[in-house]
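Read through the structure below, which is laid out as C-alpha coordinates, and then see the notes.
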Amino acid sequence: MRPVQVGDLLHLKEPDYCYGTGNLTLRVTSEPAALPDPEWVDVTGVEIFWNGQRGTERQVRVRRSALDHARTRNAP
(Lines give C-alpha, C1' and ligand atoms only; values in the text may rest on other atoms or scores of the structure.)
Protein backbone atom coordinates (compact mmCIF):
# COMPACT_ATOMS: atom_id res chain seq x y z
CA MET A 1 0.00 0.00 0.00
CA ARG A 2 1.27 3.47 -0.83
CA PRO A 3 2.02 5.70 2.14
CA VAL A 4 -0.40 8.32 0.77
CA GLN A 5 -3.22 8.13 -1.76
CA VAL A 6 -5.22 10.77 -3.60
CA GLY A 7 -8.14 11.76 -1.36
CA ASP A 8 -6.39 11.05 1.94
CA LEU A 9 -6.73 13.72 4.60
CA LEU A 10 -3.49 14.36 6.48
CA HIS A 11 -3.37 15.99 9.91
CA LEU A 12 0.28 17.00 10.25
CA LYS A 13 2.06 18.41 13.28
CA GLU A 14 4.60 21.15 12.66
CA PRO A 15 7.72 18.95 13.20
CA ASP A 16 6.43 16.38 10.68
CA TYR A 17 6.50 18.56 7.55
CA CYS A 18 8.64 21.13 5.77
CA TYR A 19 8.14 24.07 5.52
CA GLY A 20 5.60 25.97 7.50
CA THR A 21 4.47 26.90 10.96
CA GLY A 22 1.76 25.30 13.03
CA ASN A 23 -0.29 22.20 12.35
CA LEU A 24 -1.47 21.52 8.80
CA THR A 25 -4.50 19.67 7.43
CA LEU A 26 -4.06 18.68 3.80
CA ARG A 27 -6.34 16.81 1.35
CA VAL A 28 -4.01 14.90 -1.02
CA THR A 29 -4.62 15.79 -4.70
CA SER A 30 -1.89 13.83 -6.52
CA GLU A 31 0.31 10.77 -6.06
CA PRO A 32 3.35 11.48 -3.86
CA ALA A 33 6.75 12.01 -5.46
CA ALA A 34 9.52 9.53 -4.76
CA LEU A 35 12.57 10.95 -3.00
CA PRO A 36 16.08 9.59 -2.62
CA ASP A 37 15.79 10.04 1.16
CA PRO A 38 13.47 7.26 2.43
CA GLU A 39 12.57 9.30 5.53
CA TRP A 40 10.58 11.90 3.55
CA VAL A 41 7.86 12.00 0.88
CA ASP A 42 6.67 15.01 -1.17
CA VAL A 43 2.90 15.45 -0.97
CA THR A 44 0.71 17.83 -2.98
CA GLY A 45 -2.70 18.74 -1.68
CA VAL A 46 -5.21 21.42 -0.77
CA GLU A 47 -4.92 22.97 2.66
CA ILE A 48 -8.07 22.60 4.78
CA PHE A 49 -8.58 25.34 7.37
CA TRP A 50 -9.95 24.89 10.91
CA ASN A 51 -13.44 25.90 9.71
CA GLY A 52 -13.50 23.36 6.85
CA GLN A 53 -12.83 25.93 4.13
CA ARG A 54 -10.48 24.94 1.35
CA GLY A 55 -7.25 26.86 0.98
CA THR A 56 -4.72 26.85 -1.80
CA GLU A 57 -2.90 23.88 -3.21
CA ARG A 58 0.57 23.41 -1.81
CA GLN A 59 3.41 20.93 -1.83
CA VAL A 60 4.99 19.83 1.44
CA ARG A 61 7.73 17.39 2.38
CA VAL A 62 6.31 15.02 5.00
CA ARG A 63 8.18 12.74 7.37
CA ARG A 64 7.18 9.22 6.29
CA SER A 65 7.00 8.00 9.92
CA ALA A 66 4.29 10.60 10.62
CA LEU A 67 1.93 9.23 7.98
CA ASP A 68 0.77 6.26 10.06
CA HIS A 69 -0.90 8.47 12.66
CA ALA A 70 -1.62 11.50 10.45
CA ARG A 71 -3.74 9.90 7.73
CA THR A 72 -7.49 9.49 7.34
CA ARG A 73 -8.40 7.37 4.32
CA ASN A 74 -11.10 8.58 1.99
CA ALA A 75 -13.95 6.03 2.10
CA PRO A 76 -14.22 3.97 -1.14
Side-chain angles (χ1 to χ4, degrees):
M1 178 178 286
R2 292 184 180 106
V4 178
Q5 297 178 5
V6 173
D8 285 354
L9 187 64
L10 303 178
H11 303 280
L12 302 167
K13 295 181 191 289
E14 185 175 348
D16 293 330
Y17 76 99
C18 301
Y19 295 96
T21 57
N23 294 341
L24 172 67
T25 300
L26 195 74
R27 173 74 65 192
V28 178
T29 58
S30 64
E31 292 296 321
L35 294 174
D37 182 350
E39 186 178 345
W40 297 92
V41 61
D42 279 346
V43 177
T44 301
V46 174
E47 185 172 2
I48 306 296
F49 297 118
W50 63 271
N51 60 0
Q53 295 282 28
R54 291 170 51 103
T56 58
E57 186 170 79
R58 60 187 287 189
Q59 184 175 13
V60 294
R61 185 158 291 177
V62 179
R63 193 177 305 277
R64 189 177 291 267
S65 62
L67 293 174
D68 290 336
H69 63 269
R71 179 183 54 235
T72 303
R73 287 271 185 225
N74 198 15

- prompt: Would you say the side-chain atoms of R64 pair up with the backbone N or O of P38, donor to acceptor, closer than 3.5 Å?
  reply: yes
query: Do the side chain of R63 and the main chain of P15 share a donor and acceptor less than 3.5 angstrom apart?
result: yes
How many angstroms lie between atom [atom1] of [X] and atom [atom2] of [Y], to the nearest 0.5 angstrom?
| X | Y | atom1 | atom2 | result |
| --- | --- | --- | --- | --- |
| I48 | R54 | CD1 | CZ | 6.0 Å |
| L12 | T25 | CG | OG1 | 7.5 Å |
| L24 | K13 | CG | NZ | 12.5 Å |
| E47 | L26 | CD | CG | 7.5 Å |

- request: Could you point out which residue of D42, L67, V4 forms a side chain to side chain contact (heavy atoms under 4.5 Å, CB included) with V62?
  value: L67
task: Check V41 against P32 and note the closest heavy-atom contact, atom names and distance.
output: CG2-CB, 3.4 Å
- prompt: What's the shortest heavy-atom distance between Y17 and W40, and which atoms?
  reply: CA-CZ3, 4.4 Å
- prompt: Is the closest side-chain heavy-atom distance between E57 and T44 below 4.5 Å?
  reply: yes
